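Read the structure below first, then the notes.
Since this is a predicted model, take the numbers as computed values, not measurements. Chain A is the first sequence line, chain B the second, and so forth, proteins listed ahead of strands; every chain is numbered from 1.
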2 protein chains.
Amino acid sequence: MSPARTARALAREAITREILDSARARLSTDGAAALSLRAVARDVEMVSSAVYRYFPSRDALLTALLIESYDELGTAAEVADAGVADRSDVTARWLATFRAVRAWCVAHPGEFGLLYGTPVPGYAAPRDTVDPATRVVRVLIRIVGDGYAAGARPQVIPSAGATSGVASPPGTIAPALDFVAGHGLMEGAEPSDPELPETVRRAVMAWTELFGVISFELFGHQVGSIADPEAWLDEVALRLAADLGIRA
Amino acid sequence: MSPARTARALAREAITREILDSARARLSTDGAAALSLRAVARDVEMVSSAVYRYFPSRDALLTALLIESYDELGTAAEVADAGVADRSDVTARWLATFRAVRAWCVAHPGEFGLLYGTPVPGYAAPRDTVDPATRVVRVLIRIVGDGYAAGARPQVIPSAGATSGVASPPGTIAPALDFVAGHGLMEGAEPSDPELPETVRRAVMAWTELFGVISFELFGHQVGSIADPEAWLDEVALRLAADLGIRA
DNA sequence: ACCCTGGCAAGAGCGGTGCTCGCGTTTGTG
DNA sequence: CACAAACGCGAGCACCGCTCTTGCCAGGGT
């Protein structure tokens, strides 16, 4: 049954948890790049070398933090969307998701910096992190898809080459389309479906704007310009929904 | 009337330049947070303590890099906008500005990380940096303002409280409006002008999206989803212009 | 009930960091 | 010409991530 039956395994689990919590606390104060394994060791009252029994390197600890944080954020987005009873009210689902994502990021600025800030030099995130990292945008794609499936349409659909041949070649976001199809998002829609690219492009743009807003807020680019970040995000969410055409 | 007549002052200027260049080169490889004064000292073949004759601290060096980079980026944006001969072709000015900003950021990923990535822990940017930092968004505000002044209008103007009282209170971006008025952007428009808030709000949103796209590209959040970042930015720029209503 | 294997903490050591201080030298100026 | 300011150097302090070796002690096989 439970693989953690012995006292030894139980203690190991508890200490691992303690190390992760201390490391996440350190993220907020020192930043991801300066995450100090020694500082974490002091926090949990162990000698620095002892921590290496639990995480073979600082990079391994970073990876664990990365996956755990991406999962928390993704869960927050999914829970927020699922919490709207009226599934046809895409605007409410949209706003709830935006608010939940911002709320998590504001509550965990250190983790946000790790996820969406400057990459830690010398550290490359392993493949295990890309799936948790896409959970938020998947929620957005689903909401936009539901809205479009219900008949909503963007106000403006830029036609290819509308302005002197500057439109993107069709292959620009092809990998994203394959990803969406491969994950079974937007069931019934095939990669060749002309609706799919528009849905994905709009959702990816909104995803970018969402994290741009949060990034500017948390990284201090709004000081002196945005007085109320929370209200500003609401407004951005609603304007995006209107531009997307999914606003009720 | 060069103030650097003596050989000593000339040498000081040259060495200062050399230090700054080495530091900026290090930004791309090691990241801003790990910028090592000793490492740049080795690059310029000086003893670490000698560098302190030119920059009193690592933070001072960081500030110099910040201001220099913000100014370069701002100049790139201004030059790109000014380079469009037909001033009434706001779409061309818009696209040129977007492309120039991305081009600079892609060419200087280290500096971009310093400007828009995770803040360096323990370092707070002084006031001198906020004016250079706003040069890009000022260009965007001007273009949107020109477009609206010429009669263009957003397709959708969300009316306050259109969706169950979620609209932002009017004071949300009040500081930004004061800033625009104080800098004499959009001449003729007063803070009470109902056109001004819409212009600024749209420009700030576009500014956020622009840096969100670049941030995702440079920080590795597009791997596996966006095949052609350059084409993607073009598309985003044009879609934003269309949503803004300034597209020709 | 024994003993031995393996998880664990401790500590020394290596090379790196920001920064300070005292030294001798070079350079511009009164 | 002599004095003072600016300059480069090297040692040194306290910290960092990480490696390696040493010794302790609990668990499980016989």
Presence of [X] side-chain N/O under 4.0 Å of [N] phosphate oxygens OP1/OP2:
| X | N | value |
| --- | --- | --- |
| B:R42 | C:dT17 | yes |
| A:Y52 | D:dT19 | no |
| A:S49 | C:dA10 | no |

Nearest whole angstrom, please: distance from the [atom2] of [N] to the [atom1] of [X].
| X | N | atom1 | atom2 | value |
| --- | --- | --- | --- | --- |
| A:I19 | C:dA9 | CD1 | C1' | 12 Å |
| B:E13 | C:dT27 | CD | P | 18 Å |
| A:F55 | C:dC8 | CZ | P | 12 Å |
| B:L10 | D:dA6 | CG | C1' | 15 Å |
| A:D59 | D:dT19 | CG | P | 10 Å |
| B:D43 | C:dG16 | CG | P | 14 Å |
| B:M46 | D:dG8 | CE | P | 6 Å |
| B:R12 | C:dT26 | CZ | C1' | 15 Å |

Donor-acceptor pair present, B:R38 side chain and C:dG18 base, under 3.5 Å: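 For B:R38, whose side chain was compared with the base of C:dG18, there is a donor-acceptor pair (under 3.5 Å).
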
Is a salt bridge present between [X] and [Y], judged by a nitrogen-to-oxygen distance below 4.0 Å?
| X | Y | result |
| --- | --- | --- |
| A:E68 | A:R17 | yes |
| B:D234 | B:R102 | no |
| A:D81 | A:R142 | no |
| A:E230 | A:R99 | no |

Would you kindly say whether A:R42 and A:S22 are connected by a side-chain donor-acceptor distance under 3.5 Å?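 The criterion, which ignores hydrogens and geometry beyond distance, is not satisfied for A:S22 and A:R42.
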
So [X], base contact, sugar-phosphate only, or nothing? Heavy-atom distance under 4.0 Å.
| X | value |
| --- | --- |
| B:R58 | sugar-phosphate |
| B:I15 | sugar-phosphate |
| A:L35 | sugar-phosphate |
| A:Y54 | sugar-phosphate |
| B:S57 | sugar-phosphate |

DNA chain D: 5'-proximal contact among A:A34 and B:V47 (nearest heavy atom):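 It is B:V47 whose nearest nucleotide is closer to the 5' end.
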
Upstream residue (5' side of DNA chain D) when B:R8 and B:S48 are each assigned their closest nucleotide: B:R8

Nucleotide nearest B:A7 when distance is taken to its side chain, options C:dG18, C:dG28, D:dG10: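 So the nucleotide nearest the side chain must be C:dG28.
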
A:R53, nearest nucleotide to its side chain (from C:dA9, D:dC7, D:dC9): C:dA9

For residues A:Y116 and A:F219, establish whether the separation of their ring centroids is below 6.0 Å.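 Distance test on ring centres: not under 6.0 Å, no.
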
